[in-house]
Amino acid sequence: MTSPNPNLRYQVIRLYKELLYMGREYPLGYDYFRQRLHKAFASQANLRDDEQIRRGIERAEFVKKEIEALYYLKKYRTLNRHYNNT
């Protein structure tokens, strides 16, 4: 069994921190988001193959984009409601 690539490890940690930061505004609450994020990352902690780790990083990047889209939609709906009600 080989040890994971240090660069990939750094990317995973950076991505985890970014997602945690984004979770502050999650509609169901930060605690809900943090628990689910931790569980998702912990379930992949046993990966040692670089290619599998890269696929996990790509999946996490996709989730990050989906969360950003959710936040932009929430902001758009709020602004739209505000300006259309006046």
Kindly indicate whether the side chain of R34, heavy atoms from C-beta on, has any atom under 4.5 Å from the side chain of R24. no
Would you check if the side chain of N80 reaches a backbone N or O of Y76 as a donor-acceptor pair within less than 3.5 Å? no
Measure the spacing between CD1 of I57 and OH of Y16 and express it to the nearest 0.5 Å. 15.0 Å
Between R59, Q52, R55, which is the residue that forms a side-chain contact (heavy atoms from CB on, under 4.5 Å) with Q44? R59
Please round to the nearest 0.5 Å and tell me the distance separating atom NZ of K75 and atom CD of E25. 11.0 Å
Using the side-chain contact (heavy atoms from CB on, under 4.5 Å) rule, take L37 and L20 through it: C-alpha gap first, then chi angles, then the decisive distance, then the call. CA-CA 8 Å; L37 180 66; L20 264 182; 3.8 Å; yes
Check for me, please, whether L8 and Y10 land in the same ILVMFWY cluster - side-chain distances under 4.5 Å, paths through other members count. no
To the nearest 0.5 Å, what is the distance between CG on L15 and CD on E58? 11.5 Å
Over 60° means perpendicular and under 30° means parallel, so tell me whether Y32 and Y26 are parallel, tilted or perpendicular. parallel
To the nearest 0.5 Å, what is the distance between CG on N7 and CD1 on I53? 11.5 Å
Please round to the nearest 0.5 Å and tell me the distance separating atom CD1 of I13 and atom CZ of F41. 10.0 Å
Please report the shortest heavy-atom distance between Y71 and P27, naming the atom on each side. CE2-CD, 4.3 Å
Any side-chain heavy-atom pair of D50 and R54 under 4.5 Å: yes
For K64 and E18, which heavy atoms make the closest approach, and how far apart are they? NZ-OE1, 2.5 Å
Between CG on residue L19 and NE2 on residue H38, distance to nearest 0.5 Å: 14.0 Å
Cluster question for you: counting only ILVMFWY and a side-chain heavy-atom cut-off of under 4.5 Å, with indirect links fine, are L79 and Y72 together? no
Go through the structure and list residues passing ring pair (Phe, Tyr, Trp, His ring centres under 6.0 Å) with Y30, not counting sequence neighbours. none
Distance-minimising heavy-atom pair for E68 and M22: CG-CE, 3.3 Å
